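Keep in mind that this is a model prediction, so the values were computed, not measured.
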Amino acid sequence: MESTYHPRAVEAGVQRHWAEHDVYRAKEHDPRFPKGKYYACSMLPYPSGKLHMGHVRNYTINDMLARYKRMQGYNVLMPMGWDAFGLPAENAAMKSKVAPAAWTYENIRVMKSQCNALGLAFDWSRELATCDPAYYQWNQWFFLKCLEHGLAYRKTQIVNWDPVDQTVLANEQVIDGRGWRSGAVVEKREIPGYYLNITKYANELLETTLHGLPGWSERLRLIQENWIGRSEGVRFAFPHDIRDAGGKPIQDGRMYVFTTRADTIMGVTFVAVAPEHPLAVRAGELNPALASKIEALKQGGTTEAELALKEKEGVATGLFVTHPLTGDKVEVWVGNYVLITYGDGAVMGVPAHDERDFAFAKKYNLPIKQVVALASAENEFSTDAWQEWYSAKDEGIGIHSGKYDGLKFKDCVEAVAADLAALGLGEKKTTFRLRDWGISRQRYWGTPIPVIHCADCGVVPVPYEDLPVVLPEHHIPDGSGNPLNKDEAFLKCSCPKCGKPARRETDTMDTFVDSAWYYMRYASADASTMVDARNDYWMPMDQYIGGIEHAVLHLLYARFWTKAMRDMGLLKFDEPFLRMTNHGMLLNHIFYTPGSHGAKNYIPPIEVKVSHDEKGHINGGTLSDGTKVDYGGIGKMGKTERNGVDPQDLIDKYGADTARLYVMFVGGPEDPAVWSDTAVEGAMRFLRRVWTFCAERTADIAAAPALDHAALDAAHKGVRFELHSALKQSNFDYERQQYNTVVSAAMKMLNALENVKPGESAALAHEGASILLRTLYPVAPHITWQLWRELGFERRLGDLLDAPWPTPDEQALARDEIALVLQVNGKTRGEVRVAANAERAAIEAAAAAAPEVAKFGEGRAPKKIIVVPGRLVNVVV
RNA sequence: GCGGAUGUGGCGAAACCGGUAGACGCAGCGGACUUAAAAUCCGCUUCCCAUGGGAGUGCGGGUUCGAGUCCCGCCAUCCGCACCA
């Protein structure tokens with residue numbers, strides 16, 4: 001055995017052994033694992049080029065869990081695949097003129113080899129890439145099923161339109177309201193697109209979020225609950241006689257709105273509609289001067305955040321609708337804050353009791369009519385300035401509201417709803433914040449939506465037998481829109497219904513479709529159906545691991561997709577993920593040199609010699625040529641700030657085990673973590689000490705007799721106590737997946753064991769090494785596997801991967817005498833030593849007699865003595 | 001704006017049910033070994049006055065024998081907001 005640790009040689013050898021014996025291939029119903037299956041999976045990565053530290057962290061958590069569970073006797077499945085469709089490939093294509101397909105497949109090759117270099121226990125036989133027709137044909141197949149079941153439908157959607165590049169922009173391509181390439185002011189544009197009816201499942205999704213996911217964290221459930229956002233309200237109509245150009249009443253003469261504050265209906269002083277609303281369109285037709293103003297209201301991005309933060313603007317249409325209860329005329333405004341895709345695309349305006357409406361009314365001098373007052377009447381209503389209580393609903397009562405005066409919120413809503421219902425103009429309704437899932441993207445690199453446009457038959461689904469609609473892989477996008485629109489070979493087809501020449505749909509699917517069900521395809525990777533019986537064995541997944549940034553969209557879509565598959569008879573379970581871990585982000589320091597016009601030239605931290613202020617905080621640094629650099633704080637590792645750390649450099653320099661140990665030790669799995677080069681050195685140092693410890697005691701351990709605890713001297717009993725205490729902690733932390741303290745525990749074990757010098761108790765060294773190597777194996781599998789073998793443990797306990805998990809020995813943990821913390825009046829003043837099995841009375845007596853009690857109690861007699869068994873005793877005087 | 005989270009030494013952190021705050025590690029300081037350095041090993045290391053104390057877990061209150069942990073009110077930072085993945 002080598003006397004010093006050479007990680008590269010060790011890791012290469014161990015990885016060769018794993019590959020040759022195919023040790024991570026999972027088989028359904030494998031009789032070697034009586035405890036049954038355990039499916040642990042990481043969110044599939046986007047193949048962006050190279051692994052980044054976030055991946056290393058994610059997969060190491062996954063790997064530790066997988067190896068730990070395997071040693072516990074579970075049939076573990078840990079697969080891996082690639083989220084291979086998406087925008088970055090198109091951006092890369094524009095930049096370097098490489099086709100997205102070629103770029104993506106090369107990235108996958110590199111990243112896969114990096115996964116292997118990290119020693120991750122993936123079952124590669126189940127690998128998938130979502131850009132493979134063998135995979136995405138099932139997206140298409142299921143989409144057609146959804147059409148059949150009425151779960152997919154076509155509707156207008158609002159997109160970011162770049163008027164210069166003549167193309168649809170993603171939200172991230174809109175910067176400060178302008179297109180990222182053209183700089184043109186982005187407009188909202190209405191185009192048709194496909195939606196999946198996730199809101200049909202809103203109630204079930206919400207109920208299960210609240211009551212059916214015991215393995216999910218409270219915070220994750222809360223995020224999802226709020227996102228689904230059930231609200232009870234009233235949907236009602238303002239009748240009108242506004243007619244379209246053909247003389248027909250628009251929307252049958254009823255302008256619908258939804259409100260959760262029907263109690264304020266008597267305070268309506270205007271209504272606002274989206275710029276795309278039929279009434280707004282009609283107003284534009286009637287008055288061309290208005291049309292351009294309405295058009296201007298479409299400017300700006302489509303995100304909710306942007307909408308909420310931007311200045312509320314509007315324009316009066318000169319059109320009026322009728323208040324359903326008072327019969328008053330109410331003017332219709334067009335507002336830039338009303339979205340046509342939300343509800344009915346129209347809202348009632350109650351300036352007195354809604355902060356947004358209040359600001360809007362002040363701006364345009366609209367009337368403000370108070371209809372709710374506080375029961376206590378201590379606060380006076382004034383139209384001068386908004387006050388928090390104006391929108392409070394629970395303590396308010398109706399005023400200036402005719403028959404509704406004096407009613408409380410709930411009663412008032414009931415009364416208003418009943419009156420509206422009697423008029424046939426409205427009813428109580430439960431709505432959800434959750435919106436249907438728009439899956440159409442006007443982009444090339446995605447799953448083609450399998451429909452065909454026929455001049456005579458309209459939109460016709462592609463027949464099942466014609467699937468897959470294969471995406472041509474040779475195109476290189478140039479920023480002018482979807483290249484499929486110019487691909488005659490792709491476009492030209494015949495109508496499946498009438499056989500006449502027709503045009504193929506060029507929109508592709510949102511990549512969230514790809515990730516909505518891939519984890520089930522792993523379970524039956526080569527199935528000739530979407531999923532097969534093997535899916536019923538592995539699913540639902542026992543543990544899912546991924547970034548917190550996916551806490552809403554991806555998880556909700558995957559849950560919806562699962563329920564939709566269930567209802568089509570493809571699955572037998574309701575929820576895909578029994579447990580969910582959201583690991584934190586990896587952060588690093590940011591350095592830069594100032595450029596012109598406030599620009600910052602970011603410098604990778606590795607090139608900076610850091611300087612500190614007198615308090616020890618980082619305040620800047622210098623480059624090797626002496627250039628001073630400024631400190632920009634801590635931020636998410638990323639390209640822009642050039643503060644990412646390449647895991648490859650770490651692996652090359654220190655080895656995979658050190659990289660893994662470091663990312664696990666740096667903090668709790670769910671916490672964000674800040675990078676530190678020197679701490680990596682520390683991780684390396686620890687592994688080197690593990691190696692040295694074993695190397696120096698090879699002969700002792702090989703010839704070790706059975707351990708006799710009673711025969712150990714006091715010092716070695718102490719070592720054993722430390723060893724088994726650390727093991728107890730470590731086992732506890734493995735169960736709760738707090739892997740940073742698992743590493744701490746392993747360090748404590750080694751610290752204790754190093755007190756057993758070579759030539760001393762061989763039995764204790766033997767026990768210690770066997771426990772330490774198994775505890776450390778899931779985090780540092782290469783070095784431990786090698787040492788396990790070299791020290792001969794393999795012969796007695798089998799391959800480390802399948803060795804039994806160690807448990808603490810109660811005898812080692814037993815103590816004759818223990819020290820209790822002594823408090824006087826709740827302040828710690830010392831300790832009292834008592835027998836481990838001392839009675840309460842004996843402890844009280846010992847505490848009362850302690851000199852600290854006399855001193856700090858100033859001689860007063862104890863009034864009360866609180867004993868916490870095994871921990872402390874508090875004397876109150 | 002809405003929703004969620006976080007805040008503990010110079011730094012990363014730990015503290016399981018309300019019971020010794022700072023385990024474990026990094027950096028730093030001192031020592032051993034060395035011609036010297038690196039590596040390694042040993043010791044110290046929350047702050048303030050210092051005999052012995054006192055203060056201390058973002059800030060201000062509260063409950064309790066006892067609060068990092070529970071409650072109320074603030075402040076700061078980070079993440080998500082539906083076409084980035």
Nearest-Å distance once atom P is located in both B/rC74 and B/rG1: 14 Å
Distance test, side-chain N/O of A/N751 to OP1/OP2 of B/rG25, below 4.0 Å: yes
If you compare every side-chain N and O of A/R685 against the phosphate oxygens of B/rC26 (OP1, OP2), does one of them come in below 4.0 Å? yes
A/R219 vs A/V743, nearer the 5' end of RNA chain B by closest nucleotide: A/R219
What does A/N874 touch in the nucleic acid at a heavy-atom separation under 4.0 angstrom: a base, only the sugar-phosphate, or nothing? base
Using a heavy-atom cut-off of under 4.0 Å over every strand shown, decide if A/F512 touches base, sugar-phosphate, or nothing. base
Stem regions touching RNA chain B, defined by at least 3 consecutive Watson-Crick or wobble G-U pairs below 3.5 angstrom: B:1-7 with B:75-81, B:10-12 with B:24-26, B:28-32 with B:40-44, B:46-49 with B:52-55, B:58-62 with B:70-74
Are OP1 or OP2 of B/rA85 and a side-chain N or O of A/R441 less than 4.0 angstrom apart? no
Side chain of A/L309 (C-beta onward), nearest among B/rG1, B/rC84, B/rG12: B/rG1
Sugar-phosphate, base or nothing in reach of A/Q173, heavy atoms under 4.0 Å: nothing
Mind checking if A/L222 touches a base, just sugar-phosphate, or nothing, with heavy atoms under 4.0 Å? sugar-phosphate
Grab the CG-P distance between A/L872 and B/rG18 for me, whole Å please. 15 Å
Please report the distance separating the C1' of B/rG4 from the corresponding atom of B/rG10, rounded so that it comes out in whole Å. 31 Å
Which is true for A/I223 with a 4.0 Å heavy-atom rule: it touches a base, it touches only sugar-phosphate, or it touches nothing? sugar-phosphate
Hey, which sits more toward the 5' end of RNA chain B by its nearest nucleotide, A/T741 or A/I158? A/T741
Would the distance check show the side chain of A/N336 and the main-chain N or O of A/K312 forming a donor-acceptor pair, the cut-off being under 3.5 Å? no
Checking only heavy atoms, does the side chain of A/Q823 share a donor-acceptor pair with the base of B/rG19 at less than 3.5 Å? yes
For A/R688, which contact category applies under a 4.0 Å heavy-atom criterion: base, sugar-phosphate, or nothing? sugar-phosphate
With heavy-atom distances below 4.5 Å as the criterion, would you say the side chains of A/N139 and A/W517 are in contact? yes
Is the backbone N or O of A/S744 less than 3.5 Å from a side-chain atom of A/T741, with the two atoms forming a donor-acceptor pair by type? no
Select one nucleotide: of B/rA82, B/rG12, B/rA23, the one nearest the side-chain heavy atoms of A/Y557. B/rA82
Euclidean distance, A/L750 CG relative to A/L772 CG, rounded to 0.5 Å: 6.0 Å
When we call it a touch if two heavy atoms are under 4.0 Å apart, what does A/I866 touch: a base, just sugar-phosphate, or nothing? base
With rounding to the closest Å, how many angstrom separate the C1' atoms on B/rU46 and B/rU20? 15 Å
Using a 4.0 Å heavy-atom cut-off, does A/H554 contact any base of the nucleic acid, only the sugar-phosphate backbone, or nothing at all? nothing
Sugar-phosphate, base or nothing in reach of A/K827, heavy atoms under 4.0 Å: sugar-phosphate
Is a side-chain donor-acceptor pair under 3.5 Å present for A/N197 with A/T199? yes
State, without any angle test, whether A/D162 and A/S182 hold a side-chain donor-acceptor pair at a distance under 3.5 Å. yes
Taking the C1' atom in each of B/rA5 and B/rU63, what is the distance between them to the nearest angstrom? 26 Å
Answer with base, sugar-phosphate or nothing: what part of the nucleic acid does A/L556 contact at a heavy-atom distance below 4.0 Å? nothing
Output yes when a side-chain donor or acceptor of A/Q823 lies under 3.5 Å from a complementary backbone atom of A/V875, and no otherwise. no
A/N226 side chain near B/rG4 phosphate (N/O to OP1/OP2, under 4.0 Å): yes
Just to be sure I understand the rule, does A/E754 reach a base, reach only the sugar-phosphate, or reach nothing, if contact means heavy atoms closer than 4.0 Å? nothing
Below 4.0 angstrom from OP1 or OP2 of B/rG4, is there any side-chain N or O of A/S217? no
From B/rA23, B/rA85, B/rG1, nucleotide with atom closest to A/A305 side chain: B/rG1
Quantified in whole Å, what is the P atom distance between nucleotide B/rC47 and nucleotide B/rG12? 16 Å
For a quick check of understanding: with a heavy-atom distance under 4.0 Å over all strands, which category does A/R871 fall into, base, sugar-phosphate or nothing? sugar-phosphate
In terms of side-chain geometry, is the basic nitrogen of A/K855 or A/E852 positioned less than 4.0 Å from the acidic oxygen of its partner? no
Which part of the nucleic acid does A/K855 contact within heavy-atom distance under 4.0 Å: base, sugar-phosphate only, or nothing? sugar-phosphate
Should the side chain of A/T511 and the base of B/rA85 be counted as holding a donor-acceptor pair, with the cut-off at 3.5 Å? no
Heavy atoms under 4.0 Å, any strand shown: does A/N740 hit a base, just sugar-phosphate, or nothing? sugar-phosphate
Nearest-angstrom distance, C1' atom, B/rU64 to B/rU69: 13 Å
Taking atom C1' in both B/rC71 and B/rA85, what distance in whole Å separates the two? 40 Å
Report yes if a side-chain nitrogen or oxygen of A/Q738 is closer than 4.0 Å to either non-bridging phosphate oxygen (OP1 or OP2) of B/rA15; otherwise report no. yes
A/Y342-A/R435 side chain donor-acceptor pair, cut-off 3.5 Å: yes
What's the shortest heavy-atom distance between A/P758 and A/E696, and which atoms? CB-O, 3.8 Å
For B/rC59, decide between syn and anti, treating a glycosidic angle within 90° of 0 as syn. anti
Testing B/rC84, B/rC16, B/rU20 for proximity to the side chain of A/T828, the answer is B/rU20
Would you measure the distance from the C1' atom in B/rG60 across to the matching atom in B/rC11 and give it in whole Å? 29 Å
Distance-only donor-acceptor check, side chains A/Q442 and A/D507, under 3.5 Å: yes
Syn or anti for B/rG9 (syn when the glycosidic angle lies within 90° of 0): syn
